[in-house]
Amino acid sequence: MRMKSGIEIPNSYAKTWLAIMNGDPGEIEDAEQLVTLRLRLDPTDPEGVLSWTLLELLYGRADNANKRVAPLVKDFPANPYYSMAATEIIFQRDHLSDEQAINLLRDIVRLANDSPDVLAKLGCMAALRGFWSFSIPLFVEALRGREKNKDGAEEDLILLWKRNASSLNQLLESLPSMDQRGLRPYDFDDLPIETVARAFYVLFTANLAGIDEAWPPCMRIASYRHELQDAWNQKRIPAFLATHCSNWLIYQAAGSNVLTTPFDLN
């Protein structure tokens, strides 16, 4: 993301979530330094404020986070990043039902204006709380948005072609079986492998397409299903996906009849 200063700054939100998930002090320190840089360049930088809020909550400083976030939400009620930060604070401080939590996320979707960046951050936020049936469709829409805005010479992601609409819809319909899973190790072991593999595929592909926010939930799925974890450790992810998602494993360049895979199957 490019700051007001014109300086390109890495994605602090994805980096912060990964650091929190891994619990590595060095990674957390690196994330803190990145967030500090963003906020030094622009104290109201939306992604910086959101990432800073995650770090404050990591240390149990919800009240301190709220002192910064609440005025921003009041002054900029249509800004989805500030609303996400406020919602993260609510998630930590209040005991919400799943329905109440989902309703808060839906409110932010209304502010997204189909922004792939906002949808991806919401998707990450939802997935890491076990709301997979809410999250994965957001990543699909983020992919659609990126496809719509891409350079005409870039390859088409055939996952989103009409001919795959049926199989994609089947995945979306099966996602409620994943809800409130991925919160404990190997939570996905008793679910149909096709559902887990295809949900993983959407996130893996989104990350390849440059959607960094897909990586934390992608890692969560990869770590919490034995077959997938084995494929990951043995560097057999392409073969694993070719087995379970074969009709999605191709690209086609604009104006070309040649089909290729985005993965090295060797």
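In what follows, residues are counted from 1 in the order of the sequence shown. Computed from heavy atoms alone, side chains included, the values below leave out hydrogens, waters and symmetry copies. Please read these numbers as outputs of a predicted model, since none were measured by experiment.
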query = Would a distance-only check, ignoring hydrogens and angles, find a side-chain to backbone donor-acceptor pair under 3.5 Å from N169 to A165?
reply = yes
key: Interatomic distance, S167 atom OG to E194 atom CD [nearest 0.5 angstrom]   = 12.5 Å
inquiry  = Do W215 and N11 make a side-chain contact, defined as non-hydrogen atoms from C-beta onward lying under 4.5 Å apart?
reply    = no
remark   = The reported gap from CD in Q170 to CG in L172 (rounded to nearest 0.5 angstrom) is 10.0 Å
query = Is it true that a side-chain atom of T205 and a backbone atom of Y201 form a donor plus acceptor pair closer than 3.5 Å?
reply = yes
Salt-bridge present (K121, D117; N to O < 4.0 Å) = yes
inquiry  = Less than 4.5 Å apart, side chain to side chain, heavy atoms only: is that true for S133 and D179?
reply    = yes
message = So F131 and D98, do their side chains get closer than 4.5 Å, heavy atoms only?
response = yes
request  = Measure the spacing between OG of S12 and CG of L34 and express it to the nearest 0.5 Å.
outcome  = 5.0 Å
inquiry  = Within a 6.0 Å radius of atom CG on N64, are there more than 12 heavy atoms belonging to other residues, nucleotides or ligands?
reply    = yes
task = Dump the intermediate steps for side-chain contact (heavy atoms from CB on, under 4.5 Å) on I108 and Y81, then the final yes or no.
result = CA-CA 9 Å; I108 303 172; Y81 299 89; over 6 Å; no
inquiry  = So N22 and W17, do their side chains get closer than 4.5 Å, heavy atoms only?
reply    = no
key: Any side-chain heavy-atom pair of F139 and L119 under 4.5 Å   = no
query = Is I221 close to M178 at the side-chain level, that is, under 4.5 Å between some pair of heavy atoms?
reply = yes
Residues D190, R225: salt bridge by 4.0 Å N-O rule = no
query = Any donor-acceptor pair under 3.5 Å linking the side chain of D187 with the backbone of R181?
reply = no
query = Taking the side chain from D94 and the backbone from L96, do they hold a donor-acceptor pair closer than 3.5 Å?
reply = no
inquiry  = Do D107 and S83 pair up side chain to side chain, a donor and an acceptor below 3.5 Å, judged on atom types alone?
reply    = no
inquiry  = Any heavy-atom pair between the side chains of V118 and M84 that's under 4.5 Å?
reply    = yes
task = With rounding to the nearest 0.5 Å, note down the distance linking CD1 in I211 to CG in L138.
result = 11.0 Å
task = Output, in order, the C-alpha distance, side-chain angles, deciding distance and verdict of side-chain contact (heavy atoms from CB on, under 4.5 Å) for Q33 and L37.
result = CA-CA 6 Å; Q33 290 176 355; L37 173 60; over 6 Å; no
inquiry  = Which heavy atom of F240 sits nearest to which heavy atom of A197, and what is that distance?
reply    = CE2-CB, 3.6 Å
message = Any non-hydrogen side-chain atom of N79 less than 4.5 Å from a side-chain atom of L72?
response = no
Value rounded to 0.5 Å, distance of CG in L39 from CG in D45 = 6.5 Å
query = How about F188 and W132: are their ring centroids closer than 6.0 Å?
reply = yes
inquiry  = Does R198 qualify as a cation-pi partner of W248, given the criterion of NZ or CZ under 6.0 Å from the six-membered ring centre and within 45 degrees of its axis?
reply    = yes
ask   = Taking all atoms of both residues into account, what is the closest heavy-atom pair of L175 and P137, and its distance?
value = CD1-CD, 4.0 Å
query = How far apart are the closest heavy atoms of R146 and A209, and which atoms are they?
reply = NH2-O, 2.9 Å
key: Interatomic distance, R68 atom CZ to T53 atom OG1 [nearest 0.5 angstrom]   = 8.0 Å
message = Between D63 and R93, does any NZ, NE, NH1 or NH2 come within less than 4.0 Å of an OD or OE carboxylate oxygen?
response = yes
ask   = What do you reckon, is CD of Q234 surrounded by more than 12 foreign heavy atoms closer than 6.0 Å?
value = yes
request  = Say whether, by atom type as modelled, one donor and one acceptor occur between the side chain of Q229 and the main chain of A222 under 3.5 angstrom.
outcome  = no
inquiry  = What verdict does the side-chain contact (heavy atoms from CB on, under 4.5 Å) test give for L128 and L183, after you've listed the backbone C-alpha separation in whole Å, the side-chain angles of each residue and the deciding distance to 0.1 Å?
reply    = CA-CA 8 Å; L128 296 180; L183 304 177; over 6 Å; no
ask   = When you measure from the side chain of R220 to the backbone N and O of G182, does any donor-acceptor pair fall under 3.5 Å?
value = yes
message = Parallel, tilted or perpendicular, judged at 30° and 60°: which one describes the rings of Y186 and Y224?
response = tilted
query = Would you call E99 and R106 a salt bridge, taking side-chain N to carboxylate O under 4.0 Å as the test?
reply = no
ask   = Is there a donor-acceptor contact under 3.5 Å from the side chain of S174 to the main chain of L171?
value = yes
task = Apply the test side-chain contact (heavy atoms from CB on, under 4.5 Å) to residues W52 and R38: give CA-CA distance (whole Å), side-chain angles for both, the deciding distance (0.1 Å), then the verdict.
result = CA-CA 10 Å; W52 174 85; R38 294 190 76 108; over 6 Å; no
message = Could you see if I90 belongs to whatever hydrophobic cluster contains Y82? Use Ile, Leu, Val, Met, Phe, Trp, Tyr and a side-chain cutoff under 4.5 Å.
response = yes
message = Below 30° counts as parallel, above 60° as perpendicular, anything between as tilted: where do the rings of F204 and F200 land?
response = parallel
L111 with Y13, same ILVMFWY side-chain cluster at under 4.5 Å = no
